[in-house]
Amino acid sequence: MDHVTTDLNELVAKGKTQGYLTYDEVNAYLPDEAVNPEKLDNLLMALDEAGIELLTDPPADSSQALESLAAHPAAEESLAMPAGELPKLSDDPVRMYLSQMAIIPLLTREQEISLAKKIEVTRKRFRRSVLGCNFAMQVTIDTLEKVYQGVLPFDRTIKVSLTERLTKDQILARMPHNLKTLGQIRQHNRDDFRRLVRRSTSRTERLEARKRFCRRRRKALQLVEELSLRTRRVQPLVKQLREFSQRMDFVRRRMNELAHDPDARDEWANFRKELRSLMMLTWESPRSLRNRLAVVNQQFQDYEHVKRQLSSGNLRLVVSIA
């Protein structure tokens, strides 16, 4: 077992013991010079399998927080600026902008590196959660196939990165193999999902089918990430998944309402058919898709928050130099 695997196992074991990991703990595992995509993929895959949550700060016990505040009462007061020191309002938008930017502290080199890692971690977590849904995955595969066929422009659809060793030639060389394997994975997982939703499937068969399904889905995520689809191509898929989720919830509610009405059997059957179609399209139950979207929303907020932190610090640096 090499030291990379050992370090990852130790990190995962720590996460299991704590019940979470912080971004600082994850950042310490990742190299400073450039985020190795394979190492990051393995890390996120391991965290997903173990069900370990990533937090910005460790969860504080409320009683400890109150004791800390009592011991350091000035800490709360420091959050508010004395009335005499409040900046005067100005009608000059440039002056207001410079005044606001002057409040933001400069980023150190270590802070820049830490935020850059957090951006990549939060970005990939968000992408993996979205693409874990079959509908989003299939749309992505269709998009990648159009790029390979020359129907869509490469540069506007695919992100190249010299630091991550993702050049245009390398990505194009991977495409035929990855796309072929993705097609095979999708066919096998379609069969296993049908087993999962079929009532006649035994519990043992269902457990085995789920293991295969999850294992192949992780492989599909890895293959798609190797082709480096731009994140702006992934973000619009969230809206479509939300619409599917809302419709599934509505259909499920109507089925429950009509379940005991003998005059509504045909309507109930139509709703049941629609629900099954939506489940086969997404490979999700109403509950699992709802849960996925809750995770996606939180991860996207984390991603946007870290981007704002970095951009604000960089803007502050530009202002100070000017």
Side-chain angles (χ1 to χ4, degrees), residues 34-38 40-41 44-45 119-120 122-194 213-248 274 276-284 289 292-293 296-297 299-300 303-304 307:
V35 179
N36 184 307
E38 183 178 355
L40 179 54
D41 283 341
L44 296 180
M45 196 180 303
I119 284 177
E120 192 59 14
T122 54
R123 183 182 74 89
K124 285 218 169 188
R125 291 183 76 211
F126 164 71
R127 290 166 60 94
R128 287 176 64 88
S129 293
V130 176
L131 298 179
C133 177
N134 172 66
F135 173 80
M137 174 63 74
Q138 188 53 48
V139 170
T140 297
I141 293 172
D142 292 343
T143 300
L144 292 169
E145 286 179 340
K146 289 178 181 178
V147 172
Y148 183 62
Q149 295 164 3
V151 177
L152 289 176
F154 184 96
D155 295 334
R156 294 182 183 179
T157 313
I158 305 296
K159 175 189 174 185
V160 298
S161 173
L162 296 178
T163 58
E164 296 180 9
R165 298 182 298 279
L166 287 172
T167 66
K168 182 174 182 178
D169 290 341
Q170 287 172 323
I171 294 172
L172 285 173
R174 290 174 178 173
M175 277 189 169
H177 169 74
N178 286 26
L179 291 173
K180 180 181 178 181
T181 306
L182 284 165
Q184 295 169 346
I185 288 175
R186 187 169 188 274
Q187 180 60 52
H188 290 312
N189 267 9
R190 183 192 293 113
D191 295 339
D192 273 336
F193 186 78
R194 284 174 175 163
F213 182 91
C214 292
R215 184 175 62 250
R216 293 195 203 100
R217 183 165 59 187
R218 289 192 294 268
K219 179 63 176 178
L221 288 169
Q222 181 182 353
L223 293 172
V224 164
E225 287 296 82
E226 287 179 359
L227 301 182
S228 195
L229 183 73
R230 289 186 180 275
T231 300
R232 68 167 178 257
R233 291 276 185 169
V234 176
Q235 287 176 219
L237 298 173
V238 178
K239 179 181 179 182
Q240 292 175 277
L241 296 184
R242 190 175 295 115
E243 290 172 353
F244 289 144
S245 179
Q246 291 170 351
R247 183 62 186 176
M248 290 169 79
E274 182 183 357
R276 182 175 179 82
S277 296
L278 288 169
M279 290 174 64
M280 291 305 302
L281 180 64
T282 59
W283 291 352
E284 304 271 3
L289 184 54
R292 179 180 297 280
L293 283 167
V296 164
N297 290 336
Q299 291 174 346
F300 183 71
Y303 172 52
E304 289 293 302
K307 284 200 301 180

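When reading the values below, keep in mind they use all heavy atoms of this one structure, side chains included, and skip hydrogens, waters and symmetry mates. The model shown is predicted, which means the values in this text are computed figures rather than measured ones.
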Hey, what do you get for CG (Leu237) to CD (Gln138), rounding to the nearest 0.5 Å? 11.5 Å
Taking the side chain as every heavy atom from C-beta outward, state whether Leu241 and Glu284 have any pair of such atoms under 4.5 Å apart. no
Heavy atoms, side chains only, cut-off 4.5 Å: are Ile185 and Thr181 in contact? yes
Side chain to side chain contact (heavy atoms under 4.5 Å, CB included) for Val147 and Met175? Distances and angles first, verdict last. CA-CA 9 Å; Val147 172; Met175 277 189 169; 3.8 Å; yes
Shortest non-hydrogen contact from Leu172 toward Pro176: O-CD, 3.3 Å
CG of Leu227 to CD of Glu145, rounded to nearest 0.5 Å, is 10.5 Å
Can you find a pair of side-chain heavy atoms, one from Glu304 and one from Phe126, that are under 4.5 Å apart? no
If you measure only the distance, is there a donor-acceptor pair under 3.5 Å linking the side chains of Arg232 and Gln235? no
Please report the interatomic distance CZ(Arg216) to CZ(Arg186), rounded to the nearest 0.5 Å. 13.5 Å
4.5 Å side-chain heavy-atom contact, Met137 and Arg217: no
Can you check whether Phe154 reaches Ile171 side chain to side chain, under 4.5 Å on heavy atoms? yes
Between Met279 and Phe193 the two heavy atoms that sit nearest each other are O-CE2, 3.4 Å
Can you tell me how far the NE2 atom of His177 sits from the CD atom of Glu226, to the nearest 0.5 Å? 8.0 Å
Checking Ile158 against Leu144 for the side chain to side chain contact (heavy atoms under 4.5 Å, CB included) test, could you report, in this order, the C-alpha distance in whole Å, the side-chain angles of both residues, the deciding distance, and whether it holds? CA-CA 9 Å; Ile158 305 296; Leu144 292 169; 3.6 Å; yes
Should Asn297 and Arg242 count as side-chain neighbours, where that means a heavy-atom distance under 4.5 Å? yes
Distance check, rounded to the nearest 0.5 Å: Cys133 atom SG versus Leu281 atom CG? 7.5 Å
Donor-acceptor pair, side chain of Ser228 and main chain of Lys159, under 3.5 angstrom: yes
To the nearest 0.5 angstrom, please state how far the CG atom of Asn189 sits from the CZ atom of Arg194. 12.0 Å
Of the non-hydrogen atoms in Gln299 and Ser129, which two are nearest, and what is the gap between them? OE1-OG, 2.6 Å
Would you find more than 12 non-hydrogen atoms of other residues, nucleotides or ligands less than 6.0 Å from Arg230 atom CZ? yes
Can you confirm whether Arg125 sits close enough to Tyr303 that some side-chain heavy atom of one is under 4.5 Å from a side-chain heavy atom of the other? no
Between Thr140 and Ala136, is there a donor-acceptor pair closer than 3.5 Å when you use the side chain of the first and the backbone of the second? yes
Can you confirm whether more than 12 heavy atoms, excluding those of Arg247, are under 6.0 Å from its CZ atom? yes
Side chains of Arg190 and Asn134: does their closest heavy-atom pair fall under 4.5 Å? no
Between Phe244 and Leu289, is the side chain to side chain contact (heavy atoms under 4.5 Å, CB included) condition met? List the steps. CA-CA 9 Å; Phe244 289 144; Leu289 184 54; 4.1 Å; yes
Is there a donor in the side chain of Thr231 and an acceptor in the side chain of Arg127, or the other way round, less than 3.5 Å apart? yes
